[in-house]
Amino acid sequence: MDLRPRSHPTYLAFVVHRVSGLLLALFLPLHFWVLGTAITGEARLEGFLRWADNPLVKAAETVLVVLLAAHLAGGLRVLALEFLGWRSRQKDLVAASAGIALLAGLAFLLNVV
Amino acid sequence: MSARGQTHLWVVQRVTAMLLAIAVTVHLVTIVIAVRGGLTAAEILARTRGSEGWLAFYCVFALAAGLHGAIGLRAIAAETLGLRGRGADLAWVAIGLLTAAFGIRAAIGLYA
Amino acid sequence: MAEPASLKVSVWRGGADGALARFEVPARENQTVLDVVTHIQRELDPSLAYRFACRVGMCGSCAMTVNGRARWTCRTHVRKVVGPDGALELRPLANLPVIRDLAADLTPFFEKWRRARGRFEPREAPDGAVPEDFAVVPPASRARREADAGIECIGCGVCYASCDVVAWNPDYLGPAALNRAWTLVNDVRDGARAERLDAVAGDAGCHSCHSTQSCTERCPKGLDPSSAIAGLKRTLFWDTLFGRR
């Protein structure tokens, strides 16, 4: 694929939205299944949470928080275009979405460590 | 699936998107607050056990997320793998509802 | 930066399974990409096929892929797109069958305008009769402003060639046809609103658009098909939610 005509901000926003959406959609059933299984008792849930203290798991969680925030903020941009007809400030909205995603990741990291 | 059915899937996608806009914001804030000083099972269950409010929230959240994700995957599969047609559409709706069911099972676990 | 004395132009030759051919074209102070193509055909290889008519950005027939991006070649100065080594790459418009060389077949493009019911259907005179009186259309009304925003489309196909959804879904109507439909949905004189909204709904229509906004980014007329498609989605959303369709 020729990337030259695909470098405008709203295209990058689409790529981020698609990749984050794909990863989140694949993670979702896993998340629900593991949580539903771990929740069968307080001790079992506690055991799972202690396993999740592993730095690798924390890093993965940070990535997930960033993906979720990016998909949320990017989705709000799409909704603003589709339902409010905001056509003029699309590029600013893309920049704001990126900022929100990074802020959410930072907030998570600062609180989890 | 007819153009009408496809339109309905899109409407479901956007209605769930609006619900998720609120639910995900709540979820992210809850996460960031909850992880302060480490997560413990007792802490989580103290918040959710017996709380109809959190149960309702997580059930709506799970249903919206399950359907939203599956309809999104449907578009990706159609555009990248060429997977289209009525059978595929019904399969995606089933996958969405099944995912949501797992989420609701987890929500009930947090409540009971 | 010193101007290179000559341009190294790679030009698509043949049909879908063709290849790039190299030409050396003298660089000039003021030169459009269309000038370059014309030079190749007149001076270097008369068998080169391409399409143009007005040369001044009115007809929309000279659109090609210039260095990977769909453009009107008559309104594109070489110095704005040429690489530092004088490299220029010309291909026919993407997402369309290639007739030969730089000429793309726009039949599917216009066929989709038809499928999107892009033809005005007068409400007052469905049988083609002349209405009794002029319709009153306030220029400042919301609907008319929406229609005006998209009405200047000349059907050059740049947006269609720039749209990834067209590439991924061959049935997708594309930005130009959907933009046209939106102008007619907002035309109070038109009588086919319901049928037109049916025609643009679903996966082949506006609901496949992912708002990458390549169409809006590339439109040489500065139109915003992406917002027109969003308008169709919005209209269909409320109509569907309230059971109006």
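Reminder, nothing fancy here: chain letters follow the sequence lines and each chain counts from 1.
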For residues A:Ile39 and B:Ile108, determine if any side-chain heavy atom of one lies less than 4.5 Å from a side-chain heavy atom of the other.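 With C-beta onward as the side chain, the pair stays apart.
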In the structure I gave you, are the side-chain heavy atoms of A:Leu72 and B:Leu20 within less than 4.5 Å of one another anywhere?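 Not touching, per the 4.5 Å side-chain cut-off.
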Which bit of [X] comes within less than 4.5 Å of chain B, counting heavy atoms only: side chain, backbone, both or neither?
X       : result
A:Phe48 : neither
A:Ala73 : neither
A:Val34 : neither

I need the minimum non-hydrogen distance between [X] and [Y], along with the two atoms involved.
X        : Y       : value
A:Leu76  : B:Ala21 : CD2-CB, 3.9 Å
A:Ala107 : B:Val32 : O-CG1, 3.9 Å
B:Ala41  : A:Leu49 : N-CD1, 3.4 Å
A:Leu28  : B:Gly66 : CD2-N, 3.9 Å

Check whether [X] gets within reach of chain A through its side chain, its backbone, both or neither, counting any heavy atom under 4.5 Å.
X        : value
B:Leu73  : side chain
B:Leu39  : both
B:Ala42  : both
B:Leu110 : both
B:Ala62  : both
B:Leu98  : neither

Atom CG of B:Leu45 and atom CG of A:Leu45: how far apart are they, to the nearest 0.5 Å?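 B:Leu45 CG to A:Leu45 CG: 5.5 Å, rounded to 0.5 Å.
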Chain B and chain A: which donor-acceptor pairs fall below 3.5 Å?
from     : atom 1 : to       : atom 2 : distance (Å)
B:Arg14  : NE     : A:Glu82  : OE1    : 2.6
B:Arg14  : NH2    : A:Glu82  : OE1    : 3.3
B:Arg14  : NH2    : A:Glu82  : OE2    : 2.8
B:Arg36  : NE     : A:Asn111 : OD1    : 2.8
B:Leu39  : O      : A:Arg50  : NH1    : 3.4
B:Leu39  : O      : A:Arg50  : NH2    : 2.6
B:Ala41  : N      : A:Glu46  : OE1    : 2.7
B:Glu79  : OE1    : A:Arg18  : NH1    : 2.7
B:Glu79  : OE1    : A:Arg18  : NH2    : 3.0
B:Arg105 : NH2    : A:Thr37  : OG1    : 3.4

Taking only residues two or more places apart in sequence, or in another chain, which ones meet B:Ala106 in a side chain to side chain contact (heavy atoms under 4.5 Å, CB included)?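 Testing B:Ala106 for side chain to side chain contact (heavy atoms under 4.5 Å, CB included), a comparison that skips the adjacent residues, returns A:Leu35.
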